[in-house]
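The structure under discussion appears below in the form of structure tokens.
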2 protein chains.
Amino acid sequence: MKKQSVTLVQVAAKAGVSVMTASRAMSGDGYVSEDTKAKVQAAAKALGYAPNALARVMKGGRTNVIGVVVNDLSSVVVNAFVSALTEEVRKYEMDLFIYNSVGQLDEQTQRRHSQLLHGLWDGLIYVLPRMTDEYLEALERSESPIVLVNFCRRETTLPVVQGDNFNAARDAVAGLISQGHKRIAFIKGTHWTGQSAERERGYRQAMADAHLQIDDHWVQQGTFSEQSGQEACARLLAHDARPTAIFCANDEMAIGCMNAARELNVQVPEELSLIGFDDVSAASIVRPQLTTMRHPLPLMAQAAVQELMRRILGQPGKRQRVEFPAEMVVRESTAPAAGTVTKRRTRKA
Amino acid sequence: MKKQSVTLVQVAAKAGVSVMTASRAMSGDGYVSEDTKAKVQAAAKALGYAPNALARVMKGGRTNVIGVVVNDLSSVVVNAFVSALTEEVRKYEMDLFIYNSVGQLDEQTQRRHSQLLHGLWDGLIYVLPRMTDEYLEALERSESPIVLVNFCRRETTLPVVQGDNFNAARDAVAGLISQGHKRIAFIKGTHWTGQSAERERGYRQAMADAHLQIDDHWVQQGTFSEQSGQEACARLLAHDARPTAIFCANDEMAIGCMNAARELNVQVPEELSLIGFDDVSAASIVRPQLTTMRHPLPLMAQAAVQELMRRILGQPGKRQRVEFPAEMVVRESTAPAAGTVTKRRTRKA
DNA sequence: GTGAAAGCGCTAACAT
DNA sequence: ATGTTAGCGCTTTCAC
């Protein structure tokens, strides 16, 4: 920082009072006569004075700034969540700064981010963090207010707000099963955040609940990208015994599946039902519109900020882990399995 | 800031040296014997010492952090640009923090953001800023390194990096005209950032260049949203003399046009050509895939960071305003006007 | 090579 | 109601 142009000292000098009086006049607390207060504020305005937040912080004050660390800002879900956070922090008169870590948080980044832990922020929210165990331990040791969002890789003493991926996935697949599907495939994403694993667990549970065997090749590895979904789907459709439905660990991969289906002249949803996850905006743009699972991002943002503010204000934390149920958004990419007579149809007939 | 747990003083004590020696050992400059250096660093590691960036800054150091202020992070273009910036700043070993201003920057926000100008950041990038004149003037007076991106509302002494909206729009419309279109409509976006106005200027120029009259109702007001594009298109298609092509101020509105066309059973591109602007990811997801104009975001990010770093390092600024030409991305939503015999077709026939 | 002192801008705690 | 003192954690300056 180059020397600050205009400081409290100068304001005080111009107003003809001590620095302390000026400080009191500006911050508003402590006893100052209305007279001097006005005088000081006039001087401040004339000089174009702006308080130095750093100095204030060094004395133990708050910055009224919350930091949020995300591992991939270009992800539509993350972006939507950050928007929800931005709105939410305003209710507490706080500001939000976003840091895009782009990948794994390790010791090296931690070194560079020491400032993240000390002073610049009143509190920190980690969204879908991918971090080494050392990093997490450092966070746990730190006394700064911290909230983790959608962190499910291992247990931690830090407060966690998350969407319930397991039950959402189970519901999605159970929905397909109730529409007569028996040959249901799953396309995984990368394992980094643990989200995909939870969704796979839900898939397997639903299949087990219905006493359906899972063929080895029904579980395909993807990378959360549209391209990877397209390739995985092509592999699935190449087999003799094609699945009649695919549950994808996210929407992008499901959209990739649509592309693959179109290329192979497989009709969606008549011949192939598709369910994605996340309800990104593209899900309602593609045709047929994509059926998908949606986390209640605004509620989750609210919970995360609430919990963080409690810690910032020194109030006791409430719950260690809160989990929110997802909502199923039924659109056009799912239909009863071909040749299936559902109850509704029976009634009609 | 609660008192920092472990400071240089403690490290120095543990290593049995003075604070100053410890400081030198950690930062690496100044003369320190290898011996003491190792001793100090060992002590630092053992204690889990992390330097306090704030204190360092207060003494005149750099934070190695660049701030970027955007007015709408949920915008796909802004998001893509921020990603490009994130990558770019890494080349300079800097970190990037993002602030989502969500709307107009005025005096009130300025008050709260004094910290933006002093100390926390080595430099600031404003992307597509919407700000009052007072705010801009404060920025111009400030001595902090600042770069504006895509700011075209009025002249300024600050360095500006921008995409050439005018020529891009002219090229887009000229392209339609060369395909035989004569009845070409334009859907504007909101006027806030001045982008839409530039694109409209390019549209009008191209029409004038080709001596084509613009019907009053061909220029429709939208809000950059898909919904608004759909409505505007419905209005355009309701007229007797329908346009054969629509140039939209952004992709979302063009996608809205597709929806309107589908509802009214108008074939795209056979009966209606569509061009958007920005090349957002949805542009290649919709069918038919959208023809659009693309700003060279990575190049622009590079230029912005370069210029900012020059100022941070105290080197002379290079150019005051740099403008980058856009690229036309031809996909499936444009075709020769119905009944037009283009040269290529003539040759075929 | 290493250390002591001063001070960045601000405010909490104590005087007056 | 106002002023004085001290100190947050660090680095620059100058002394040893």
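Because the structure is a prediction, the values reported are computed rather than measured. Residue numbering restarts at 1 for every chain, and letters A, B, ... go by the order of the sequence lines. Atoms considered below: every heavy atom in the structure, side chains included; atoms not considered: hydrogens, waters and symmetry mates.
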Q | Evaluation steps, ring pair (Phe, Tyr, Trp, His ring centres under 6.0 Å), between A:Phe97 and B:Phe97 | A | CA-CA 6 Å; A:Phe97 280 89; B:Phe97 280 89; 7.2 Å; no

Would you kindly give the [atom1]-to-[atom2] distance between [X] and [N], to the nearest whole Å?
X: B:Asn52; N: D:dC8; atom1: CG; atom2: C1'; value: 9 Å
X: A:Glu34; N: D:dT2; atom1: CD; atom2: P; value: 10 Å
X: A:Tyr31; N: D:dT2; atom1: OH; atom2: C1'; value: 13 Å
X: B:Lys37; N: C:dT2; atom1: NZ; atom2: C1'; value: 15 Å

Q: Side chain of A:Val17 only, please: which of D:dC10, C:dG1, D:dG3 is the nearest?
A: D:dG3

Q) Nearest to the side chain of B:Met58, which nucleotide is it out of C:dG9, D:dT2, C:dG1? A) C:dG9

May I ask you to evaluate whether [X] reaches the phosphate of [N], defined as a side-chain N or O under 4.0 Å from OP1 or OP2?
X: A:Thr21; N: D:dG3; value: yes
X: B:Ser18; N: C:dA4; value: no
X: B:Thr36; N: C:dG1; value: no

Q | Salt bridge B:Arg154-B:Asp133, side-chain N to carboxylate O under 4.0 Å | A | yes

Q) Would you call B:Lys91 and B:Glu88 a salt bridge, using N to O less than 4.0 angstrom? A) yes

Contacts under 3.5 Å, N or O only, protein and nucleotides 11-15 of chain C:
from, atom 1, to, atom 2, distance (Å)
C:dT11, OP1, A:Arg56, NE, 2.8
C:dT11, OP1, A:Arg56, NH2, 3.4
C:dT11, OP2, A:Ser23, OG, 2.8
C:dT11, O2, A:Lys59, NZ, 3.4

Q: Mind checking the CG-OG1 spacing from A:Asn100 to B:Thr86? Nearest 0.5 Å is all I need.
A: 5.0 Å

(Q) Using 0.5 Å steps for rounding, measure from the NZ atom of B:Lys39 to the CG atom of B:Asp35. (A) 6.5 Å

Q. Within a radius of less than 6.0 Å around CD of B:Gln306, do more than 12 heavy atoms belonging to other residues, nucleotides or ligands occur?
A. yes

